[in-house]
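Report on the following structure.
Note that this is a predicted model, so its numbers are computed, not measured. For this chain, numbers begin at 1 and follow the sequence in order. All ligand and atom numbering here is 1-based and tracks the order in the structure.
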Amino acid sequence: MSDTPRKPRFPASLAALSPAASAGKPQATLRPQRHLAEAAADARRQVQPSGIGLDGAGVRQRMVARLRLEGINCEPVLKAMSEVPRHRFVDSALAIQAYEDTSLPIGLGQTISKPSVVARMLEWLFLGERAKASGHLGHVLEIGTGCGYQTAVLATMSRKIVSIERLQALHQQAQQHLDQQQVRGVHLLWGDGMQGHAALGPYDSIISAAGGEDIPQAWLQQLAVGGRLVAPARASDGRGQVLVVVDRLVDGWRRISGEAVQFVPLKSGTD
Ligand code: SAH
C-alpha cells in the first residue's frame with residue numbers, strides 16, 4: 001500500500017458523479033407541486049421574501065424547492081436543509097436574507113456559504129463509497145465551523161462530527177448557536193484545521209469551507225479507506241478556486257476537480 005497521493009487514473013468529471021444522474025430517487029414529500037411552482041416564481045422575480053414567519057418553515061421549504069429545481073436530489077441533504085433554521089445562525093438583521101441563495105457575512109471577514117453550494121458539497125460527500133453503502137456520512141471532519149450552520153446540517157446525517165475553527169470568536173459563537181438549536185453529536189475545536197485532528201480520526205467524510213493552495217496532506221492521511229473529502233482548492237491552472245473531490249482507495253487516492261467556486265482562504269494558525 002502506498003501513502004503517496006496519486007494523480008487521478010480516470011479523466012472523470014463531477015458532472016458524471018452528480019446524483020442527478022442516478023435514477024430511482026424518491027421525490028419531494030411535502031406538497032411538492034406547490035413549493036416547486038412558488039420556487040420557480042421566486043427564481044423568475046429574483047426572490048424578495050417579505051418576511052420569514054415565526055420559524056421560517058415556509059420560506060425554508062421554498063428554498064429547498066429551488067434547490068430541487070437546480071438539480072439537487074439527495075433526500076437526506078434536502079430534508080436537513082428543510083429543517084435547520086439558517087436564519088438562527090446569522091445576525092438578526094440578515095435573517096430576512098437567510099433563505100436566498102446568497103452567501104452572508106458572519107463577522108471577522110468570514111461568510112456563510114450560499115445554500116446551493118452547501119447542498120452541492122454535501123451531495124457529493126454522499127456519493128462517496130462508504131456514505132452510499134451506509135446511507136449516512138459516518139464520522140465527519142469539518143474544517144471551518146464558521147457560524148455552525150453547515151455543522152448543524154451535517155449533524156442530521158452523520159454519526160459524529162469533529163469541526164475545527166481557527167477564529168476563537170466564531171468558534172464560541174458556533175457553540176452557542178448549536179447549543180441553542182440543541183444539536184448533538186458535535187465536537188467543536190478551536191484550532192488550525194490545516195492539521196486536521198488525527199487524535200479522533202480516521203474520518204469517513206471530510207469537508208472544508210475554506211480553500212488553500214492545495215489539499216493539506218493531513219486531511220488525506222486522516223481520510224478512511226472508502227471515505228471521501230470535498231474541499232475548495234486552487235485550480236491547477238493557478239486561476240481561481242475549484243471544488244475538489246478526493247476518494248481514498250485501498251492503494252492510494254483518486255482526485256477529481258470540479259466547478260469554479262469562491263471560498264474564504266484557508267489560513268494557518270489561530271486568532
Ligand atoms: N460552514 C461555515 C462557513 C464558514 S466560512 C458556516 O456554515 O458558517 C469558512 C471558515 O473557515 C471561516 O470561519 C474561517 O475562519 C475558517 N478557516 C479558515 N482557515 C481555517 C483553518 N486553517 N482551520 C479552521 N478554520 C479555518
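Shown in contact with Met194 at under 4.0 Å from a heavy atom are these atoms of ligand 1, numbered in order with element: 22 (N). Atoms of ligand 1 found under 4.0 Å from any heavy atom of Ala209 (numbered from 1 in listed order, with element): 1 (N), 3 (C), 9 (C). For ligand 1, the atoms sitting less than 4.0 Å from at least one non-hydrogen atom of Val264 are 5 (S), 9 (C), numbered in the order shown with element in parentheses. Proximity to Leu167 (heavy-atom distance under 4.0 Å) selects the following atoms of ligand 1: 15 (O). Within ligand 1, the atoms closer than 4.0 Å to a non-hydrogen atom of Lys267 are 18 (C), 19 (N), 20 (C), 21 (C), 22 (N), numbered from 1 in the order shown. The ligand atoms of ligand 1 that sit less than 4.0 angstrom from a heavy atom of Gly146 are 4 (C), 8 (O), 13 (O). Per-residue contacts place Ala210 under 4.0 angstrom from the following atoms of ligand 1 (heavy atoms of the residue considered): 11 (O), 18 (C). Atoms of ligand 1 found under 4.0 Å from any heavy atom of Gln150 (numbered from 1 in listed order, with element): 1 (N), 7 (O).
A donor-acceptor contact closer than 3.5 angstrom is absent between the side chains of Arg86 and Tyr149.
Proximity of Leu266 to ligand 1, defined as any heavy-atom pair under 4.0 Å, is shared by backbone and side chain alike. Residue contacts with ligand 1 for Thr145 involve N, CA, C or O but no side-chain atom from C-beta outward (heavy atoms, distance under 4.0 Å). Residue contacts with ligand 1, taken as heavy atom pairs separated by less than 4.0 Å, involve Gln110 solely via side-chain atoms from C-beta onward. Under 4.0 Å from ligand 1, the heavy atoms of Pro265 that appear belong solely to its backbone. Contact annotation: for Val118 versus ligand 1, there are no heavy atoms closer than 4.0 Å.
The pair Arg166-Asp192 fails the salt-bridge criterion, with no side-chain N (NZ, NE, NH1 or NH2) lying under 4.0 Å from an Asp/Glu carboxylate O. Using a cut-off of 4.0 Å between Lys/Arg side-chain N and Asp/Glu carboxylate O, Arg120 and Glu123 are scored as salt-bridged. With salt bridges taken as basic N to acidic carboxylate O contacts below 4.0 Å, none links Arg66 and Glu70. Ion pairing of Glu129 with Arg248 is absent here, as no side-chain N (NZ or NE/NH1/NH2) approaches a carboxylate O to less than 4.0 Å. A salt bridge between Arg255 and Asp214 is present, with a side-chain N of the basic residue lying under 4.0 Å from a carboxylate O of the acidic one.
For a threshold of 3.5 Å applied to N or O pairs, the pair formed by Ile143 and ligand 1 contains no separation below that value. Taking only nitrogen or oxygen atoms, main chain and side chain alike, Ser268 does not reach within less than 3.5 Å of ligand 1. Not one N or O of Ser113 is nearer than 3.5 Å to an N or O of ligand 1, by distance alone. Residue contacts with ligand 1: Leu170 is placed with no nitrogen or oxygen under 3.5 Å of a nitrogen or oxygen of the ligand (distance criterion only). Looking at Asp192 next to ligand 1, an N or O pair under 3.5 Å apart turns up.
A donor-acceptor pair is defined here as one N or O able to donate and one able to accept, closer than 3.5 Å; such a pair exists between the side chain of His136 and the backbone of Gly138. In this structure, Tyr99 contributes its side chain and His87 its backbone to a donor-acceptor pair below 3.5 Å. In this structure a side-chain-to-backbone donor-acceptor pair under 3.5 Å is present from Gln222 to Gln195. Side chain of Glu142 to backbone of Ile164: no donor-acceptor contact under 3.5 angstrom is found.
The two atoms that bring Gln173 and Ile106 nearest to each other are OE1-O, 4.0 Å, heavy atoms only.
The only option from Thr145, Thr270, Asp271 that meets the side chain to side chain contact (heavy atoms under 4.5 Å, CB included) definition with Trp190 turns out to be Thr270.
With distances taken over non-hydrogen atoms, the option nearest atom 13 (O) of ligand 1 out of Met121, Arg166, Glu165 is Glu165. Comparing Ile112, Thr111, Val153, Leu108 by heavy-atom distance to atom 4 (C) of ligand 1, the nearest is Thr111.
The shortest contact between atom 11 (O) of ligand 1 and any protein heavy atom is with Gly144 CA, 3.2 Å.
By the criterion of side-chain heavy atoms lying less than 4.5 angstrom apart, applied directly or through intervening Ile, Leu, Val, Met, Phe, Trp or Tyr residues, Val90 is not grouped with Val264; the two fall into different hydrophobic clusters.
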